[in-house]
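Notes follow once the structure below has been shown.
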Amino acid sequence: MKNLARTLDSLDFLKLDRRTFMKAVGALGATAFLGTYKTDIVNALELAETKLVWLHGSECTGCSESLLNGGNPDIAQALTKLKVNLAFHETICAQQGIWNDGKLVNTSELNSEILLEDLYKEGNYILVVEGSIPNGPQGSGKYLMIGNKTFKESLGEAAKNAAAIVAVGACACWGGITNAASDVEKDTDYRGVAYKKTDASKGMLKELGIDKPVINIPGCPAHPDWILLTLGAVILGKIKIPDDLGDVLDEYGRPKVFFPPDHTVHENCPRRGYYDRGEFDEQVGDQHCLWKLGCKAPYAHADCGIRRWNGSVSMCTQAGGPCINCVDPGFPDSSRPLYVEAEDEGIAGTNIDTVAKVAVGAAAVAAGVHAVRRMKGE
Ligand code: SF4
Ligand code: SF4
């Protein structure tokens with residue numbers, strides 16, 4: 001990665017084609033990427049000011065938290081460098097909905113409904129959606145009202161004139177935790193922007209009759225780099241919408257550079273050596289492979305093992321938590337039961353307990369991983 005970073009450093013940013021640009025985005029973290037190309041980015045965007053409208057549906061605000069705690073650059077620095085006008089973001093907007101002498105103030109500075117109406121009329125903004133959209137009860141969307149509107153209605157208004165739509169986090173991508181199987185699932189009927197679980201015919205935009213492409217940045221929460229660098233690539237015109245999306249995104253609308261179809265978290269896990277030697281933790285808090293504690297990393301297509309989290313300091317498995325494959329379409333149902341070993345077939349068809357007692361060669365392990373994937377239909 002260091003070599004690639006050095007090579008990229010010597011290239012003219014403005015002349016990078018999309019493929020090289022996406023390699024740079026994948027290889028460098030947000031800090032290194034923005035640091036390396038800061039001057040070029042500022043020059044490229046001198047005349048541009050991109051507006052961002054960030055809507056919150058049903059969610060925990062964890063993805064905004066993830067972005068706000070993203071470290072260096074923080075969101076304010078990144079937005080300044082990218083010359084982005086964060087025109088609306090409920091969590092960090094100045095106070096809205098001000099009443100004066102018993103009347104709601106009618107200016108866009110103090111009334112977010114007017115602000116949003118103005119932004120939608122002007123158009124040409126990037127719409128970021130965090131959180132799922134309830135369709136219930138009975139298709140009304142009334143399980144989430146903001147002011148006098150359902151969130152379903154608000155999403156429809158926002159999506160119509162958006163230049164690009166990005167769904168951030170598992171909830172916005174496929175419904176996420178809000179849409180997990182439960183007794184009330186049918187009534188609440190939570191949807192992602194473009195998918196309900198793995199079903200693209202039930203995404204909320206389709207329900208609303210809006211035919212627009214959506215970039216999905218899953219995760220629970222999404223990694224700040226995944227969010228910032230995708231937005232950066234769109235803002236800088238390095239991902240042209242819709243022309244480039246077929247090449248850049250996988251079948252579930254995820255940028256392949258962060259969610260590689262041919263790479264899993266398991267491959268770069270810091271505990272991988274223990275897996276290869278068949279040394280598995282039987283209880284939490286130990287130091288070996290977490291497979292028997294339900295680690296789903298062999299099925300998780302993401303770059304967490306390379307990129308790491310919290311300023312590249314650690315990641316789930318490094319910190320002792322089995323990966324729950326939070327990036328999978330259909331999460332969390334697709335990862336259930338959490339913290340339970342996925343199967344006892346183990347490596348290369350051998351029971352995992354047997355494997356733990358014998359030293360296995362790397363080739364056998366690799367074959368085993370592929371076998372496990374095949375069993376999972378990947
Ligand atoms: S199964 Fe999980 S803990 Fe074990 S090596 Fe793979 S990713 Fe790491
Ligand atoms: S390691 Fe697994 S659970 Fe953790 S963020 Fe990555 S994909 Fe999600």
Side-chain angles (χ1 to χ4, degrees), residues 29 62-63 65-67 69-70 168-171 173-174 176-177 216-227 250 252 254-255 257-261 263-348 352 355-356 360 362 364-366 368-373 375-376 378:
C63 291
E65 281 277 338
S66 172
L67 189 56
N69 290 328
V168 165
C171 298
C173 291
W174 357 95
I177 286 184
N216 280 330
I217 315 283
C220 194
H223 193 297
D225 273 14
W226 299 338
I227 306 171
D250 75 355
Y252 292 107
R254 301 176 292 187
V257 67
F258 306 124
F259 309 98
H263 171 95
T264 66
V265 174
H266 173 72
E267 286 162 47
N268 292 91
C269 173
R271 295 179 184 234
R272 175 60 192 260
Y274 294 111
Y275 178 94
D276 290 355
R277 289 196 295 279
E279 294 174 28
F280 303 100
D281 280 357
E282 302 280 348
Q283 57 184 26
V284 288
D286 216 338
Q287 62 179 10
H288 308 101
C289 171
L290 301 162
W291 170 264
K292 284 178 161 249
L293 297 176
C295 186
K296 307 290 192 300
Y299 317 121
H301 294 277
D303 64 3
C304 303
I306 303 166
R307 188 172 300 282
R308 310 279 165 108
W309 284 69
N310 302 333
S312 303
V313 168
S314 189
M315 62 173 289
C316 300
T317 56
Q318 190 172 345
C323 168
I324 54 174
N325 192 2
C326 70
V327 296
D328 213 22
F331 173 84
D333 290 350
S334 52
S335 293
R336 280 174 160 182
L338 302 178
Y339 309 121
V340 172
E341 187 179 346
E343 53 199 277
D344 62 9
E345 287 299 313
I347 299 166
I352 208 104
V355 172
V360 287
V365 171
V369 171
H370 290 301
V372 170
R373 281 197 202 133
M375 281 183 260
K376 281 275 174 181
E378 294 175 26

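Just follow the structure's listing: the first ligand is 1, and inside any ligand the first atom is 1. Numbers for residues simply follow the sequence, beginning at 1. None of the values given here were measured: they were computed from a predicted structure. Because only heavy atoms are used, hydrogens play no part in the values below, and waters and symmetry mates are left out as well, while side chains stay in.
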Using a strict 4.0 Å cut-off to heavy atoms of Cys269, name the atoms of ligand 1 that fall inside it. 3 (S), 5 (S), 7 (S), 8 (Fe)
Distance from atom 8 (Fe) of ligand 2 to nearest protein heavy atom, with residue and atom: Cys326 SG, 2.4 Å
Does the side chain of Asp281 come under 3.5 Å of the side chain of Trp291 through a donor N or O and an acceptor N or O? no
Which of the atoms in ligand 2, numbered in the order shown and given with their element, are less than 4.0 Å from a heavy-atom of Trp309? 5 (S)
For Trp174 and Asn216, what are the C-alpha separation, side-chain angles and deciding distance, and is it a side-chain hydrogen bond (donor to acceptor under 3.5 Å, both in side chains)? CA-CA 9 Å; Trp174 357 95; Asn216 280 330; over 6 Å; no
Part of Cys289 within contact of ligand 1 (heavy atoms, under 4.0 Å): both
Pairing of Arg307 and Asp225 as salt bridge, 4.0 angstrom limit: yes
Can you give me the closest heavy-atom contact between Pro221 and Trp309, atom names plus distance? O-CH2, 3.3 Å
Starting from atom 7 (S) of ligand 1, locate the nearest protein heavy atom and write down its residue, its atom name and how far away it is, to 0.1 Å. Ala297 CB, 3.2 Å
Donor-acceptor check, side chain of Arg271 to backbone of Leu290, threshold 3.5 angstrom: yes or no? no
Keeping Ser335 on the side-chain end and Ile324 on the backbone end, is there a donor-acceptor pair under 3.5 Å? yes
If the cut-off is 4.0 Å to any non-hydrogen atom of Leu290, which atoms of ligand 1 fall inside it? 3 (S), 4 (Fe)
Return the closest protein heavy atom for atom 6 (Fe) of ligand 2 as residue, atom name and distance. Cys304 SG, 2.3 Å
Just need the protein heavy atom nearest to atom 2 (Fe) of ligand 1, so name the residue and atom and give the distance. Cys295 SG, 2.4 Å
Judged by modelled atom types alone, do Asp328 and His301 share a side-chain donor-acceptor pair under 3.5 Å? no
Under 4.0 Å from a heavy atom of Arg272: give me the atoms of ligand 1 that qualify, with their elements. 5 (S)
Numbering as shown, the atoms of ligand 1 that approach Tyr275 to under 4.0 Å (heavy-atom distance): 1 (S), 5 (S)
Closest protein heavy atom (residue, atom, distance) for atom 3 (S) of ligand 2: Ile324 N, 3.3 Å
Looking at Thr317 and Pro322, would you say the former's side chain and the latter's main chain have a donor-acceptor pair under 3.5 Å? no
For Cys323, take its heavy atoms, then give the atoms of ligand 2 lying under 4.0 Å from any of them. 1 (S), 2 (Fe), 3 (S), 7 (S)
Using distance alone, with no hydrogens and no angle criterion, decide if Arg308 and Gln318 have a side-chain donor and acceptor under 3.5 Å apart. yes
Under 4.0 Å from a heavy atom of Cys316: give me the atoms of ligand 2 that qualify, with their elements. 1 (S), 3 (S), 4 (Fe), 5 (S)
